[in-house]
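Just follow the structure's listing: the first ligand is 1, and inside any ligand the first atom is 1.
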Amino acid sequence: MESTLKKLKDGESVVDPSSAVGGGVDDVYGEDRACEDQLITPWTVSVASGYTLLRDPRHNKGLAFTERERDSHYLRGLLPPAVSTQELQEKKLMQNIRNYEVPLHKYVAMMELEERNERLFYKLLIDNVEELLPVVYTPTVGEACQKYGSIFKRPQGLYISLKEKGKILEVLRNWPERNIQVIVVTDGERILGLGDLGCQGMGIPVGKLALYTALGGVRPSACLPITIDVGTNNQKLLDDEFYIGLKQKRATGKEYYDLLEEFMSAVKQNYGEKVLVQFEDFANHNAFELLAKYRTSHLVFNDDIQGTASVVLAGLVASLNLLGGSLSDHTFLFLGAGEAGTGIAELIALEISTKTHIPVEEARKKIWLVDSKGLIVSSRKESLQHFKKPWAHENEPLSTLLDAVKAIKPSVLIGTSGVGQTFTKDVVEAMAAINERPLIMALSNPTSQAECTAEQAYTWTEGRVIFSSGSPFDPYEYNGKLFIPGQANNAYIFPGLGFGLVISGAIRVHDEMLLAASEALANQVTQEHYDKGMIYPPLTNIRKISAHIAANVAAKAYELGLATRLPRPADLVKYAESCMYTPNYRSYR
Ligand SMILES: O=C([O-])CC(=O)C(=O)O
Ligand SMILES: [Mg+2]
């Protein structure tokens, strides 16, 4: 239990042992046990009725309020006479959404629904996941972030800018929900493969958390999207009169790290040890450092490094059912040596090392990376950023991806560079010449940044490729056969991973939990899927998949002694399922 914190004159907080009156994680707002000089937020709870009830997205049911509810909650006359079911509302809304031709219009319609009727929003998303994921998530969310300034109506989530320096704890206390379980935070510097979108990156934490609820079952009220605004280096945004963020170049160095330190401390102080912080779409130069800095003291993971690694590893493990052999029989080549590239590479090496008992340094030798300067080789070691150094193996320098494919002869080619159309016809044909069944993953998002399209991959390999991409592609028919591309997107992993951490009360994320998540996902691919050439299960069953991932992650947390929810439930899959949020309307007294 933490002792009560006392404010000093200079605004700094220190633990004051003399006022140790309890409080701690269960009384983070300190209303009950605060010492007198501690600041509190005077939240009140009241029963919504009438007009206020209709305007409250968490409780509004629109036409689905029953006659009895309309009487007892002062709704008579405020609604037209028809009484609808949630199913009928869902049918109507899906019709409306399908009528929009422009994806961004569908996105806006979905966001408006979330603001109006939260349960209906989640019901729609859960029941139509394959159709609506590309709307609220990749690729449309990318366009939404680019145009956030003009589609912005009401703020979602919390904005913490340099202006809030020294006051972050107070800002967190302005958020109306107290029991937060998951925070997704970005600083907007590397939004998908679209680059620096500054404060407009908020679409990403909002979208990721919608998936935490719809795909993972975390209650919406326990989710908090946060954007940290330290400026932007995107000149177009700085010149845009409608830009919603700070109009200044990005703060860096000490100023940046001090703000993040204040943020991370305030989060732990306000929500306790068990709040999960997911770092999302930070630029490479900060992502690795923030993860290294906070992984030993906070419950954090970086989705782009670790979530992406876990989903790709699952696909690779599943693909062995189609290709035969083991992971260590393969040679891997990456285009892109940033967060995703090196994160995936490291997890593959860890898995090979775990399975074969060879040292991880040895396992790394099966894995090669190409960055913007060519193949990463030992002669370049001096000038490489630290996260690339482990991948500098002995070979002559090669400047193009095509030369690297011809020299390294990989069986698996993975694109994580954020640059579209870089798996050219020559590259893909070279993969097809080396391998009977080449495995190609074009992971960069959104669709415009994909290294190649599904159609290109299937036609250039004459249908022999096992193909996955980060953003969705439709099934493609080639020579009379239907090919179903997999979506190797971290969306398969983070909702279940996060849920597993939450339900076990985990206090740290360990790499073995990522392996556990991968394993659970790979186990969900059935023979029926393999027969169709798939290495990921369909997203339609994602809640069941998430429950299995959560259970495996939680089991690992208990095994490692990192779980605090005791005693350990006997059947973790059943337990995970029983904890999941469901969006069906509740009846009101
Ligand atoms: O958001 C997505 O679709 C996957 C992801 O983390 C990224 O591309 O940064
Ligand atoms: Mg990301």
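In summary, E143 and K147 engage in a salt bridge, as defined by a charged side-chain N under 4.0 Å from a carboxylate O. Look at R508 and E273 and you find a salt bridge, because one of the NZ, NE, NH1 or NH2 atoms lies within 4.0 Å of a carboxylate O, short of that distance.
The Mg ion (ligand 2) forms the vertex of an angle spanning OD1 of D281 and OE2 of E280; to the nearest 10 degrees it equals 100°.
At the top of the distance list for atom 8 (O) of ligand 1, counting protein heavy atoms only, stands N445 ND2, 2.8 Å. With respect to atom 5 (C) of ligand 1, the closest heavy atom belonging to the protein is N490 ND2, 3.5 Å. Of all protein heavy atoms, the one closest to atom 3 (O) of ligand 1 is T138 OG1, 2.3 Å.
Among D304, T308, V141, the residue whose heavy atom lies nearest to atom 9 (O) of ligand 1 is D304.
If you look at I204 next to ligand 1, there are no close heavy atoms at all, none under 4.0 Å.
With respect to the Mg ion (ligand 2), D304 has OD1 as its nearest N, O or S atom.
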* **Verdict with reasoning, D187 to Y256, per side chain to side chain donor-acceptor pair (under 3.5 Å)** => CA-CA 10 Å; D187 72 355; Y256 177 86; 2.7 Å; yes

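Using a 4.5 Å cut-off on side-chain heavy atoms (C-beta onward), T354 and E512 make no contact.
For ligand 1, the atoms lying closer than 4.0 Å to a non-hydrogen atom of E280 are 6 (O). Counting the atoms of ligand 1 from 1 in the order shown, those under 4.0 Å from a heavy atom of D281 are 9 (O).
Using the six-membered ring where Trp is involved, F473 and F467 have ring planes that are tilted, between 30° and 60° apart. Ring-plane geometry between Y458 and Y476 is classed as parallel, the angle between the planes falling under 30 degrees on a 0 to 90 degree scale with a further cut at 60.
I408 CD1 to K366 NZ: the interatomic distance, rounded to the nearest 0.5 Å, is 11.5 Å.
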